[in-house]
> 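My structure is below; once you've seen it, I'll send some questions.
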Amino acid sequence: MWPVGPPIQRDTGRNLEQRPLLPERISPVRFRAIVAASLSLGLAASLVATGSAAQAAPSPTAAPRPIVSGWFGWWASDPDITAMTTQGDGVVGEVAMFWWSFQGEKNPLCLFDNGDYDKDGSWGECLTNTDTPWTTPKFDRQRQMLQDAGIKVNASITDLGSATAGELTQYLATSKRRNAYTTKIAEWAVKAGVDGIDLDMENFAFNDGRDTWDATKPRWVAFVKGLAKKLHNRGKTLWATVPGGVPPFSGTGAPNPGTGYWVYAWNEIAPYVDRLNIMTYDYSWSVPGPIGPNDWATLVADSAVQQIGAEYADKVWIGAPQYGRDWPARSGSGYSVDDKCPSDWKPSATPERTVVTPMSARDLAAREKADVSWDSDAGEWSFTYGQVVTGKSGKKSKECTIKREVWFADARSALMRAKITPQFRIGGIAVWDFGTVEGDFYSRLAEYGREIAPAKTTVTVTAPKSRVHGTNVKIDVSTESSAGTAKGAIATLTFIPKANGTARSEVATITLDKSGAGTFTVPAQASGSWVVAVDGDWYRKAGSSEPVAMRVRYGVRASADATKVKANTAVTLSASVSPTVAGTEVVLQRRGADNKWADLRTVVTDADGTVRQTVTPSRPGEVSYRYRVAASDSLLAGRSAKITITVTK
């Protein structure tokens, strides 16, 4: 029987070194009570906000919602990349790769040597002796593999390790250096062919010390703003990767800024970054426990959305570990050992905590004949086993069996984590790392991605077949979707002129009513087609109508200064043409005895779009005139109503 050890302490974040503990801790009982309350309130609010929008069963061939993102290390293998490109089925939309690192003022953008390109026999260090300091052949090859599969690639910039503690914040202290750094990053992003940048700056949290945060925070925010602008101007995106901490909420129930790591200023950078990746793993570090318990991750996601606002909720990506740890269990100041072990026994070498993958953890459990159990709250697996360790009791050598405890997350864990996505309408999960996922990972996540994929929005437009130029046109739009109405959606009316079918111009926008319908009222300007695009939401895809053609003819209004005159009396005829422009040719016509219209003369409009002529009817009776404008590239021919003049003797 194993002795019972002290209460478990939890650590947060991702790093390769010791995590500092945050000042506040939540007991497991209270922690899970908060989770239950939060989930109940969150679900209720969601139902009120969305009206419980029903969603049709997904087609097995439908594209999944791309809810999976995450990282490859610089050490990623081509088979790891191929597994994603061949099995992802669209559930992975973007990834990041450990590409560059910050190595101090003299080398602020260091390229990882992922292929021993400097021939020194080691990998992973700074590659400086190269003609392309922004990329390597291996990075280029793997990037192209992913991009060819429709997966965008972001280059991560890391600063992992205590060797450079405190250096990045000093490097960002001046606007001159920030400007130079952001320019270099943006230029290298273009040269490397990546789709964006991921800032994974963790020393602020884990090695610099909390006493530096007041100075670091404004530097970090200014750095993010400047880099975002330069990347966006180049068509690139920006991610910020930040640690998740405890507690997600304060004792008053208010969100805890940055879940403790307020130096990263989530609410201030949210408008500028394209993604906020929150590392909800390494929750347990120095003592055994879950790697990234799902109940904690749920609270972190809730807190994040409340901090940055629902407007930016889809920028939040919550961390999903795909690894585990194997700890030697402690008891008091020593280790948990078997009952036969002497009380003064000490191991010859300190038992180490090790990292496991889902596959290696299962293999270990099988070798040790250990029972693997699932924790439904944490969403992870665990087991214990005994390890024979050599040590000493007094001066005698003695072998004892130390208890070891293993926790690990796998595809089932990731699937459970992904179900946070629709609850808070966040972007999805961020996996660390793709090099350790199991064979069924992508298929299981893709299946769930199809379940929550946004439904198609069908947009129908009705418009008159023809109108006179300058008159108002009512264009009706209606929508249909299996996910419910497009209530409150923004609809944008676009016009495609017949004279230039490749040109498009936005004409107007409206907000659709509760039935997902609305009406545009716009002036008829030219012949062409109307298209209406309707914004999507979390449940619906954006939709666009088929083009609906409408012909527009010249508007011509005619008048006479008299409609009853004596023979051989001059009458002034005038016409106004719409559109009102100078130089439009207008033909004056008269109807003959055979009731056919004959051209009398051609005149052109003045700057006011008008013409005036004098006619002198000579025969008693009725004579009719009208004006006609020939068709142009954009308008059909138009004519006025007839003007009838009664001529007396």
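Only heavy atoms go into these numbers, but all of them, side chains included; no hydrogens, no water, no symmetry mates. Since this is a predicted model, take the numbers as computed values, not measurements.
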> For residues T241 and W71, report the shortest heavy-atom separation together with the two atoms involved.
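Closest pair (atom of T241, atom of W71, distance): OG1-CZ2, 3.3 Å.
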> Under the side chain to side chain donor-acceptor pair (under 3.5 Å) test, which residues partner E187, sequence neighbours left out?
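Applying side chain to side chain donor-acceptor pair (under 3.5 Å) to E187 gives none.
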> Look up atom OH in Y117 and atom CG in L111, then write down how far apart they are to the nearest 0.5 Å.
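One gets 9.5 Å once the value is rounded to the nearest 0.5 Å.
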> Side chain of K236, backbone of K230: donor and acceptor closer than 3.5 Å?
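Checked: no pair found.
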> Y264 vs F204 aromatic rings, parallel, tilted or perpendicular, using cut-offs 30° and 60°?
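If you compare the ring of Y264 with that of F204, the planes turn out tilted.
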> Answer yes if the side chains of E352 and T354 hold a donor-acceptor pair under 3.5 Å, and no otherwise.
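No - no donor-acceptor pair under 3.5 Å links their side chains.
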> If only atom types and distance count, is the side chain of T436 paired as donor or acceptor with the main-chain N or O of Q322 below 3.5 Å?
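Checking the backbone N and O of Q322 against the side chain of T436, a donor-acceptor pair under 3.5 Å is found.
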> Salt-bridge test for D195 and R143: reply yes if a basic N is under 4.0 Å from a carboxylate O, no otherwise.
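No, this pair does not count.
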> Strictly distance-based, threshold 3.5 Å: is any side-chain N or O of D80 a donor or acceptor partner for the main-chain N or O of S77?
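Side chain of D80 to backbone of S77: a pair is present.
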> Side chains of T237 and N154: do they bring a donor and an acceptor to under 3.5 Å?
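N154 and T237 do have a side-chain donor-acceptor pair below 3.5 Å.
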> Applying side chain to side chain donor-acceptor pair (under 3.5 Å), name anything that partners D211, two or more places apart in sequence or on another chain.
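By the side chain to side chain donor-acceptor pair (under 3.5 Å) rule, D211 matches no residue at all.
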> For residues 105-191, which residue pairs pass the disulfide bond (SG atoms under 2.5 Å apart) check, not counting sequence neighbours?
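Of all non-adjacent pairs touching residues 105-191, those that pass disulfide bond (SG atoms under 2.5 Å apart) are C110-C126.
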> Under a plain distance cut-off of 3.5 Å, with no hydrogens placed, do N203 and T164 share a side-chain donor-acceptor pair?
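A donor-acceptor contact under 3.5 Å links the two side chains.
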> Report, as yes or no, whether the 6.0 Å neighbourhood of atom CG on N129 holds more than 12 heavy atoms from other residues, nucleotides or ligands.
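Incorrect, the count does not exceed 12.
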> Can you pull the disulfide bond (SG atoms under 2.5 Å apart) pairs that have at least one residue in residues 188-289, sequence neighbours excluded?
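Of all non-adjacent pairs touching residues 188-289, none passes disulfide bond (SG atoms under 2.5 Å apart).
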> Does the R219 side chain pair with the main chain of T169, one donor and one acceptor, at a distance under 3.5 Å?
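Yes, R219 side chain to T169 backbone: donor-acceptor pair under 3.5 Å.
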> Less than 4.5 Å apart, any side-chain heavy atom of W407 and any of S284?
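No, too far: nothing below the 4.5 Å cut-off.
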> Less than 6.0 Å separating the ring centroids of W123 and W75?
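No, the ring centres sit 6.0 Å or more apart.
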> Does R504 reach the main-chain N or O of I496 with its side chain, forming a donor-acceptor pair under 3.5 Å?
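No; zero donor-acceptor contacts below 3.5 Å.
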> How would you list all residue pairs meeting salt bridge (charged side-chain N to carboxylate O under 4.0 Å, His left out) that involve residues 437-446, not counting sequence neighbours?
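Qualifying pairs, neighbours excluded: R362-E438, D440-R444.
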> Just checking, any donor-acceptor pair under 3.5 angstrom between side chains of T136 and N114?
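Yes, because at least one side-chain N or O of T136 sits under 3.5 Å from a partner of the opposite role on N114.
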> Does a salt bridge link R450 with D89, judged by any charged N lying under 4.0 Å from a carboxylate O?
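Here R450 pairs with D89 in a salt bridge, since their nearest N and O are under 4.0 Å apart.
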> Using the test salt bridge (Lys or Arg N to Asp or Glu O under 4.0 Å), find all partners of R234 that sit at least two apart in sequence or belong to another chain.
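Salt bridge (Lys or Arg N to Asp or Glu O under 4.0 Å) check on R234 returns nothing, list empty.
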